[in-house]
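The next block holds one structure in the form of structure tokens; read it before the comments.
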Amino acid sequence: IMKRYRYIKLGLLATIFATGCTSDFDKMNTNPLSIDDASPAYILPYVEETGIHVDSWAYQVGDNLHTNLYSQYLANSATYFSADRYTYNSSWITDGFWTPYYNGVLKYLKVVKKTAQTDTIYSNIYQMMRIYTASCTANMTDLFGDMPYSEASVGNSQPAYDSQKSIYYDVFNELTEAVAALKAHESDDTQADCSGNKDLIYSGSVAKWIKLANSLRLRYALRLYYIDPAKAKTEGEAALAAGVMGSNDDNAGVKITGNGSNGYPLYQISGWSEFTMSKTMENVLKNTSTVLDPRTSIWFGQTRAYVAGTSSVKYQGIPNGLASTSLTGNYAPDNNSYVWGLYACPEWNSAGTEPSSFLLSKRMKVMNYAEVCLLKAEAALRGWSGAGTAQADYEDGIRASFADERSSVSEASLYSTSDDNTYITTGSVKWDESAELETKLNQIITQKWLAVYPNGIEAWSEFRRTGYPKLTPVVESDESTIDPTQNQFIKKLRYVDEETKSNPNASLSSLNSNKGDGSNVRVWWDTQRYK
């Protein structure tokens, strides 16, 4: 039986926000009267936590059992799961993605919008929520394609579906308008306080929220490069001109305190031996350069067999999509590397002592400077104004990722920086200005795949957009429409069952550019750069 964590929100938030999990739009989109008088300063941190899936159940059935597997960061190592073989589970997708967005993020944005329109002291908080919700909206449409949006989360039980193109255009609009509004009130001392834990990302720093919005705008501009190049260039160059993140000090992440039962969810669920490093991740970490990727020991633990002295293999992953009967022998638990790296479990990698607690404090990545550098590197390849030089951006991104990941390790003595320069200047990491564009793009996206770890939604989206990094087809697929022997991969999430049953607007013939719904259906921006 799947183990399941839920944490209880205490105090005022429990009274204001407690809602049941359901995929019924009639219930999901009803705005509880009790929150209409709540201060947006209390709603903002709730939305930030809900959108990033701080709740470990939502994280497990959403990110961990879907996008972290589809992006091939991790692989399933439990015999009682089949998610790694593309099995569809509507209730998991509902709890992991559908309900948190519609019942937690989009609904409360619309509530706060009403409040801010009548009480302008909440303008800055509303703009911050717009920026954050825009990123959550992009995540959702990247997962599902066309979806309810403009009519959703307002008490309408049968909202219309918006096209992914129109949703993306509105995301750009939300980010642009929010930045303009924040600039207008940047020095307004009458704005409601959102410092400290009232804003779990930037503690109310307007300047950093502006940089985040511009950086997200650049991310989503490049997402459209192959399908809508003119719009992509316009938005991307505007984002660069407006000012994106400039250092790791600008990194955006939702703060996890590690107090009580509120820990980083990836590690909270890691003690069950249900997922491990994937074989793809192992290959990328070991073979991309001439030296082991310096981030390896930070993210992943040594195998139990290595610690026990019965194996010479220090780090090992397993192929995605193995049958339950194959999770033995070489792929038995003692031979796998779990996410017990130097950040989460320094005592394991340094002394072989199993961790006693996984309630860790860390920020869950929304976006970081390393990704921005790598976005700029691709933009430079495309010849976009303001992007800088591709090689410099690329190498800056790798170094920024090294520094960012190490910043969470308790003691600098636990890791070494001696291989950093060798990693960057040798093997297939080494930049060659004379190389073909696709070779350079592969390098950039592979390093972005590493830099955004463990953000599986972003990593999977970028693979589907570019075909990079080169992932390996799953060993077996339980989804009949996907044939891994033909190098085929899953392409989107199907709509949840309750939605297709209760909302007649979920007409398959009108969705996803008339391609229908299904795991083998490409979203709008997916131009078939992979199978």
Side-chain angles (χ1 to χ4, degrees), residues 67 70-72 134-135 137-147 162-173 175 215-240 244 367 371-387 390 393-394 397 435-449 451-452 455-471 487-493 511-516 518-531:
T67 58
Y70 299 166
S71 62
Q72 297 190 3
S135 71
T137 298
N139 284 343
M140 282 291 288
T141 190
D142 288 345
L143 294 173
F144 293 98
D146 300 349
M147 67 180 198
D162 296 76
S163 70
Q164 186 173 40
K165 179 177 181 178
S166 68
I167 294 170
Y168 254 86
Y169 276 43
D170 193 63
V171 164
F172 290 130
N173 183 65
L175 294 172
S215 300
L216 288 168
R217 192 177 176 188
L218 178 60
R219 174 197 278 179
Y220 302 131
L222 281 165
R223 188 86 86 242
L224 304 191
Y225 177 77
Y226 293 108
I227 192 68
D228 196 351
K231 180 67 171 176
K233 183 176 182 180
T234 296
E235 295 291 341
E237 290 185 338
L240 290 164
V244 295
M367 192 173 200
E371 180 190 350
V372 172
C373 290
L374 295 160
L375 291 168
K376 290 171 64 179
E378 182 180 351
L381 278 188
R382 309 301 185 192
W384 290 4
S385 176
D393 291 334
Y394 168 75
E436 295 181 354
L437 184 145
E438 287 297 324
T439 299
K440 296 176 184 176
L441 182 63
N442 187 2
Q443 290 178 288
I444 292 168
I445 302 301
T446 299
Q447 289 302 322
K448 189 196 297 184
W449 184 81
V452 303
N455 185 345
I457 297 177
E458 186 61 26
W460 184 38
S461 295
E462 283 296 85
F463 166 71
R464 289 178 290 153
R465 176 179 75 94
T466 66
Y468 301 126
K470 293 293 186 180
L471 303 184
N487 296 318
Q488 293 178 356
F489 295 87
I490 190 166
K491 298 172 178 61
K492 70 180 266 328
L493 295 182
L511 300 175
N512 296 307
S513 302
N514 297 316
K515 293 180 290 188
S519 300
N520 201 26
V521 172
R522 297 178 190 270
V523 298
W524 167 65
W525 47 253
D526 183 341
T527 57
Q528 303 185 48
R529 287 177 56 87
Y530 69 103
K531 285 191 177 181

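In this text the structure is predicted, and so the values were computed from the model without any measurement.
- At least one donor-acceptor pair under 3.5 Å links the side chain of Lys491 to the backbone N or O of Phe489.
- Under the 4.5 Å side-chain criterion, counting only non-hydrogen atoms from C-beta, Arg223 is in contact with Ser461.
- In this structure, a donor-acceptor pair under 3.5 Å is present between the side chains of Asn442 and Thr446.
- For the pair Trp525/Arg464, a side-chain contact is recorded, criterion being any heavy-atom separation below 4.5 Å from C-beta on.
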(request) Report the C-alpha distance between Gln443 and Tyr468 in whole Å, list the side-chain angles of each, state the deciding distance to 0.1 Å, and finish with yes or no for side chain to side chain contact (heavy atoms under 4.5 Å, CB included). (result) CA-CA 9 Å; Gln443 290 178 288; Tyr468 301 126; over 6 Å; no

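- The CG atom of Leu222 lies 9.5 Å from the CD1 atom of Ile444; values are rounded to the nearest 0.5 Å.
- Not one N or O on the side chain of Glu371 forms a donor-acceptor pair closer than 3.5 Å with the backbone of Val452.
- Expressed to the nearest 0.5 Å, how far CD of Glu235 lies from CG of Leu240 amounts to 11.5 Å.
- Looking only at side-chain heavy atoms (C-beta outward), Lys376 and Trp384 stay at 4.5 Å or farther from each other.
- The minimum heavy-atom distance between Ala380 and Ala387, with the atom names listed, is N-CB, 3.5 Å.
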(request) Take Glu462 and Arg219 through the salt bridge (charged side-chain N to carboxylate O under 4.0 Å, His left out) test and state the conclusion after the steps. (result) CA-CA 10 Å; Glu462 283 296 85; Arg219 174 197 278 179; over 6 Å; no

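- Shown here for Ala232 and Ala221, the closest heavy-atom pair between the two residues is CB-O, 3.1 Å.
- Counting heavy atoms from C-beta on, the side chains of Thr67 and Leu493 never come closer than 4.5 Å.
- Side-chain contact check for Lys165 versus Ile227: every heavy-atom pair is 4.5 Å or farther apart.
- Side-chain contact between Leu441 and Glu438 is present, with at least one heavy-atom pair separated by less than 4.5 Å.
- A distance of 11.5 Å separates CG of Leu175 from CG of Leu218, quoted to the nearest 0.5 Å.
- With Tyr225 as the aromatic partner, Arg382 meets the cation-pi criteria of under 6.0 angstrom to the ring centre and within 45 degrees of the ring axis.
- Taking each heavy atom of Ala238 and Arg217 in turn, the nearest pair found is CB-NH2, 3.4 Å.
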(request) Might you work through the ring-ring contact (aromatic ring centres under 6.0 Å, His included) test for Phe172 and Tyr220, ending with a clear yes or no? (result) CA-CA 8 Å; Phe172 290 130; Tyr220 302 131; 7.2 Å; no

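- The two residues Ala451 and Leu374 make their nearest non-hydrogen contact at CB-CD1, 4.0 Å.
- Leu224 places a side-chain heavy atom less than 4.5 Å from the side chain of Trp524.
- We find the CG-OH distance between Asp162 and Tyr168 to be 14.5 Å, quoted to the nearest 0.5 Å.
- Taking the six-membered ring for Trp and thresholds of 30 and 60 degrees, Tyr530 and Phe463 have ring planes inclined between 30 and 60 degrees apart.
- From Phe144, atom CZ reaches atom CD of Gln164 across 12.0 Å, with rounding to the nearest 0.5 Å.
- For Leu381 against Lys440, the heavy-atom pair with the smallest separation is CD2-CD, 3.7 Å.
- A salt bridge does not link Lys492 with Asp526: every distance from a Lys NZ or Arg NE/NH1/NH2 to an Asp or Glu carboxylate oxygen is 4.0 Å or more.
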(request) Give the C-alpha distance, both sets of side-chain angles, the deciding distance and a yes or no for side chain to side chain contact (heavy atoms under 4.5 Å, CB included) between Ile457 and Leu143. (result) CA-CA 8 Å; Ile457 297 177; Leu143 294 173; 4.3 Å; yes

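- Closest approach of Gly516 and Val521 over heavy atoms only: O-CG1, 3.4 Å.
- Rounded to the nearest 0.5 Å, atoms CG (Asn520) and NZ (Lys531) are 12.0 Å apart.
- In this structure, Thr137 and Ile167 have side chains that are in contact, with non-hydrogen atoms separated by less than 4.5 Å.
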